[in-house]
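Remember, it's 1-based here, ligands and their atoms both numbered in the order they're listed. Numbering of residues begins at 1 and proceeds along the displayed sequence. Both backbone and side-chain heavy atoms feed into the values below; hydrogens, waters and symmetry mates do not.
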Amino acid sequence: MDHQSHSAEQARFEAIIAAEEKIEPRDWMPEKYRRNLVRQISQHAHSEVVGQLPEGNWITRAPTLRRKATLLAKVQDEAGHGLYLYSAAETLGVSREQMVDDLLDGRAKYASIFNYPTLSWADVGAIGWLVDGAAIVNQISLCRTSYGPYARAMVRICKEESFHQRQGYEIMRTLAAGSAAQKAMAQDALNRWWWPTLMMFGPHDAESAHSQQSMQWKIKRQSNDELRQKFVDQTVEQARHIGLEIPDPALRWNEERGHYDFGEIDWDEFQRVLNGNGPCNRQRIGDRRAAHEQGAWVREAMLAHAEKQRRRAAGRAA
Ligand code: FAQ
């Protein structure tokens, strides 16, 4: 492409972004915009898929049939979210095989939160309430992202996540209103999941490598710190409502800011988890690798079936 038509394409791209319209797969886009989206959307997809593992651990031990059926449906929804997101990333010219290989070989990240263990039934409640709650705050904002297929995937995902958040909160509310042991189990889960949940929003804005460019391109619509604050403000009230205590002595309402002030995250712990040394990193990737290997025959059978259909159609056309 010559220089003049390249700058005309660039100007058109910028005009679409400025007009709050969507960039679609057929549109010209800067290579860095494409690569940044592939990075974020594929990591988002991996998070949904790896995110099935901590809760999946409790499907066989759910306390009632109702809880078991609900948890099964929720975990299955997360697999669906992974599929919508892999499909959105595929529209940017990257194959699903490549994305999955990047995850299994440790080249791609997934959300740090899923490297923590689920030690009790209350952890299933805490994940729904806090982790899905944080995911919704982030994803509502992403419904307005500038890339069309990503924005549309987010709309459906948010609707489902909102059920997930409520099922988690309902588990926590039930436990918090139960026996002393049940309430203690709920409080213990909140104590362990609170800080890792705050880490889900990523590093502080000043430390965030991609934020400035992503905000300019409207891939991200609100900053990491803005979204984290929004989550804290809404969750403190929810905890109070069910009589649980947020494990942060620095937490207090700031009248001037109109927000809660809260303590500093342990960023060393965040980096350790990102570098593969969290409590469950090896187990999570090991489980994903095993699932991928054990699923090879399904992929082969599907491909053989598609090939057979193709041959049959070609035979009919001849
Ligand atoms: N964990 O420059 P930034 C869910 C990485 S879905 C791991 O600020 P960015 C549903 C980041 O990738 C949860 N890595 O990056 C569910 C980058 O590394 P790179 C997933 C993190 O992209 C619920 C580097 O640090 N949601 O929970 C994390 O502008 C229950 C520098 O950071 C999404 O992915 C982290 N927490 O902002 C499922 C939402 N934070 O790529 C099952 C979409 C940062 O240069 C059960 N993603 N990093 O090697 C986003 O909104 C953004 O990508 C952020 C990070 C906000 C996560």
Could you check Met200 against Phe231 for side chain to side chain contact (heavy atoms under 4.5 Å, CB included), going step by step and ending with a plain yes or no?
-> CA-CA 11 Å; Met200 284 177 72; Phe231 171 78; over 6 Å; no
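- Inspection of the Arg39 and Asn36 side chains reveals an N or O donor paired with an N or O acceptor under 3.5 Å.
- Using a cutoff of 4.0 Å between basic side-chain nitrogens and carboxylate oxygens, Asp27 and Lys22 are not scored as salt-bridged.
- Below 4.0 Å from some heavy atom of Phe201 lie the following atoms of ligand 1, by number and element: 56 (C).
- Closest of all the heavy-atom pairs between Ser208 and Pro203 is CA-CG, 4.0 Å.
- Both tests hold for Arg166 against Phe163: distance to the six-membered ring centre under 6.0 Å, angle to the ring axis within 45°.
- For ligand 1, the polar-atom distance check against Met199 finds a nitrogen or oxygen pair separated by under 3.5 Å.
- Considering only non-hydrogen protein atoms, atom 40 (N) of ligand 1 sits nearest to Gly202 CA, 3.2 Å.
- Ranked by closest heavy atom to atom 57 (C) of ligand 1, the top entry among Gln52, Met200, Glu160 is Met200.
- For the pair His164 and ligand 1, no heavy-atom separation below 4.0 Å is found.
- Interface of Tyr150 with ligand 1, defined as ligand atoms under 4.0 Å from a residue heavy atom, comprises 43 (C).
- Ring-centre distance between His259 and Trp253: not below the 6.0 Å cut-off.
- For the residue pair Lys220/Ser211, the side-chain donor-acceptor check at 3.5 Å is satisfied.
- The shell of residues lying under 4.0 angstrom from ligand 1, judged by heavy atoms, excludes Glu207.
- Neither the backbone nor the side chain of Leu227 comes within contact range of ligand 1; no heavy atom lies under 4.0 Å.
- Looking at atom 49 (O) of ligand 1, its nearest protein heavy atom turns out to be Lys109 NZ, 2.5 Å.
- The neighbour count for Arg107 CZ, taken as heavy atoms of other residues, nucleotides or ligands under 6.0 Å away, is above 12.
- Between Glu170 and Arg66 there is a salt bridge, since a side-chain N of the basic residue sits under 4.0 Å from a carboxylate O of the acidic one.
- For ligand 1, the atoms sitting less than 4.0 Å from at least one non-hydrogen atom of Lys74 are 30 (C), 46 (C), numbered in the order shown with element in parentheses.
- Close approach of ligand 1 to Gly51 (heavy-atom distance below 4.0 Å) involves ligand atoms 42 (C), 46 (C).
- Close to ligand 1: Pro203, with a non-hydrogen atom less than 4.0 angstrom away.
- The shortest distance between side-chain heavy atoms of Tyr116 and Asp123 does not fall below 4.5 Å.
- Taking distance alone, with nitrogen or oxygen atoms compared against 3.5 Å, Arg39 approaches ligand 1 more closely than that limit.
- Listed by atom number, the atoms of ligand 1 under 4.0 Å from Glu161 heavy atoms are 10 (C).
- Judged by the shortest distance from any of its heavy atoms, Ile113 lies outside the 4.0 Å radius around the atoms of ligand 1.
- Regarding atom 6 (S) of ligand 1, its nearest protein heavy-atom neighbour is Glu48 OE2, 3.7 Å.
- For ligand 1 and Ala209, the ligand atoms under 4.0 Å from any heavy atom of the residue are 2 (O).
- Within 6.0 Å of atom CD in Glu24, more than 12 heavy atoms from other residues, nucleotides or ligands are found, so the atom counts as buried in its surroundings.
- Here atom 20 (C) of ligand 1 lies nearest to Ser47 when heavy atoms of Ser47, Ser211, Ser214 are compared.
- For Asn138, a nitrogen or oxygen atom sits less than 3.5 Å from a nitrogen or oxygen atom of ligand 1, counting backbone and side chain alike.
- Here is the list of ligand 1 atoms found below 4.0 Å of a heavy atom in Leu142: 43 (C).
- Contact annotation for Phe270 and ligand 1: only side-chain heavy atoms (C-beta onward) come within less than 4.0 Å of the ligand.
- Shortest contact from atom 30 (C) of ligand 1 to any protein heavy atom: Asp132 OD2, 3.4 Å.
- Side-chain atoms of Gln187 come within 3.5 Å of backbone N or O of Glu245 as a donor-acceptor pair.
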Could you go through the side chain to side chain contact (heavy atoms under 4.5 Å, CB included) check for Ile59 and Arg67 one step at a time?
-> CA-CA 9 Å; Ile59 290 174; Arg67 294 289 188 207; over 6 Å; no
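- Between His46 and Tyr86, the distance from one ring center to the other falls under 6.0 angstrom.
- Between the side chains of Tyr147 and Thr91, at least one donor N or O sits under 3.5 Å from an acceptor N or O.
- In terms of protein heavy atoms, atom 38 (C) of ligand 1 is closest to Glu78 OE1, 3.3 Å.
- By the 4.0 Å heavy-atom criterion, His81 is excluded from the residues contacting ligand 1.
- Near Gln43, meaning under 4.0 Å from one of its heavy atoms, ligand 1 places the atoms 12 (O), 41 (O).
- A 4.5 Å side-chain heavy-atom check between Phe114 and Gln52 finds every atom pair outside the cut-off.
- Taking each of Gln139, Gln40, Gln212 in turn, the one with a heavy atom nearest to atom 53 (O) of ligand 1 proves to be Gln40.
- By the 3.5 Å distance cut-off applied to N or O atoms, Leu274 is not counted among the residues near ligand 1.
- Looking at Gln229 and Arg257, their side chains do bring a donor and an acceptor atom within 3.5 Å of each other.
- Among all protein heavy atoms, the one lying closest to atom 15 (O) of ligand 1 is His210 CD2, 3.6 Å.
- Using a distance-only test at 3.5 Å, with no hydrogens or angles considered, no donor-acceptor pair links the side chain of Gln40 to the main chain of Leu37.
- Protein heavy atoms are absent from the space less than 4.0 angstrom from atom 24 (C) of ligand 1.
- Protein heavy atom in closest approach to atom 54 (C) of ligand 1: Lys220 NZ, 4.6 Å.
- The protein heavy-atom contact nearest to atom 4 (C) of ligand 1 is Ala135 CB, 3.7 Å.
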